[in-house]
Amino acid sequence: MIHVSALRKVYDTGVVALDGVDLDVREGEIFGVLGQSGAGKSTLLRCVNLLERPTSGTVTVDGQDLTVLGDAELRRARRRIGMIHQHFALLSSRTVAANVAFPLEVAKVPRAERRARVAELLELVGLDGKAKSYPAQLSGGQKQRVGIARALAARPKVLLSDEATSALDPGTTQSILALLRRLNAELGLTILLITHEMHVIKSICDSAAIMREGRVLESGRVHDLIARPGSQLTRELFPLPEPAPPGSLTVTFPAGQAEEPVLSGLVRKFGVDVNILGGSLEELRGVSVGRLRIRMEGEDTAAALAYLRGRGLLVEEETP
Ligand SMILES: Nc1ncnc2c1ncn2[C@@H]1O[C@H](COP(=O)(O)OP(=O)(O)OP(=O)(O)O)[C@@H](O)[C@H]1O
Ligand SMILES: [Mg+2]
């Protein structure tokens, strides 16, 4: 649905915000971009809908290369791409209904049709009853719901989200994330979101990319990244002291394996001793995934290691 290739953005100030970014977002998935402040996340998002002109590279959304479009064509293409923001970006002098209606007015949708669509959208995001309120009368979570309703007004296939939950408390954040997940499932909406919060990736993302200094360090389906040796995402999801002590093994239990009695099997079958040095278990979209650091001692540690790998676990050895 979104294909970004060799994207570079150099600002007039000389800052290289994007330094050759490639990214593929599949139709119907929620894709999270993670990275520290200044990594280039917002620049990337603004380049995806051409709010920001890339210096070079291409951006294709739903099969259309946006970088070659003229202004009028680009405005039309942008209607298929909604966007929500950290600070909501609502018009304070307009009611909730009028905020949501705004993009429809710009697109010259007739008044009656506009009304019906606004009512439908407010119900979709759980804001029926708030149509006549003003933004200042709403909580942060309600404001973001208005932002989401407005972003979906023109029935986009893609929603871009720039830190949409960063200004919200944890409970409200969870309810907005649940709403995004529901919209994704019900409307088949493709969502590209950026965040600096790992828990956002954990709770709703199918795929993720990690950015640093204008580059993508790694990207792919979350569960595929976890199965990949040396994954930075895995390290950030399951923080363990780095570097691992010499002679230790770091074992990643992929989806569904974390509940299996693998360690007791290991001890029984191979007579090895297992010391647990650290570990953590996380729910990724409701599926348990774990990472454990152990030290193994005994006669047949080689066979024990082969057994772990044979069970589909990723075992990374820290050679002494
Ligand atoms: N309009 C601009 N003009 C010049 N430089 C900019 C502009 N916008 C961003 N930058 C610079 O580009 C780099 C990337 O900024 P960007 O806003 O994309 O990062 P970010 O990952 O979104 O950070 P944050 O997490 O703080 O929002 C930074 O060095 C920033 O100072
Ligand atoms: Mg940003």
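Just so you know, these numbers use all the heavy atoms, side chains as well, and skip hydrogens, waters and symmetry mates. Positions are given from 1 along the sequence. Note that ligands are numbered from 1 as they come in the structure, with each ligand's atoms numbered from 1 the same way.
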Problem - Shortest non-hydrogen separation from Phe253 to Leu292 and the atoms involved - result: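 Smallest interatomic distance, heavy atoms only, reads CE1-CB, 3.8 Å.
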Problem - Distance-minimising heavy-atom pair for Leu124 and Arg182 - result: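 Shortest heavy-atom contact: O-NH2, 2.8 Å.
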Problem - Glu283 bridged to Lys202 by N-O distance under 4.0 Å - result: no
Practice task
Using a strict cut-off of less than 4.0 Å between a Lys/Arg side-chain nitrogen and an Asp/Glu carboxylate oxygen, indicate whether Glu120 and Arg117 qualify as a salt bridge.
Solution key: yes
Handout entry: Protein N, O or S atoms under 2.8 Å from the Mg ion (ligand 2)
Key = 1
Problem - Residues, nucleotides or ligands: over 12 heavy atoms within 6.0 Å of Glu197 CD - result: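 Enclosed.
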Problem - Arg295 atom CZ, neighbour heavy-atom count above 12 within 6.0 Å - result: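 Yes, because the 6.0 Å sphere around CZ of Arg295 holds more than 12 heavy atoms from other groups.
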Side chains of [X] and [Y]: is there a donor and an acceptor less than 3.5 Å apart?
| X | Y | value |
| --- | --- | --- |
| Tyr11 | Thr43 | yes |
| Ser231 | Glu218 | yes |
| Glu29 | Ser207 | yes |

Fill in the blank from the handout: Those residues with a heavy-atom separation under 4.0 Å from ligand 1 are Tyr11, Thr13, Val15, Ala17, Gln36, Ser37, Gly38, Ala39, Gly40, Lys41, Ser42, Thr43, Arg46
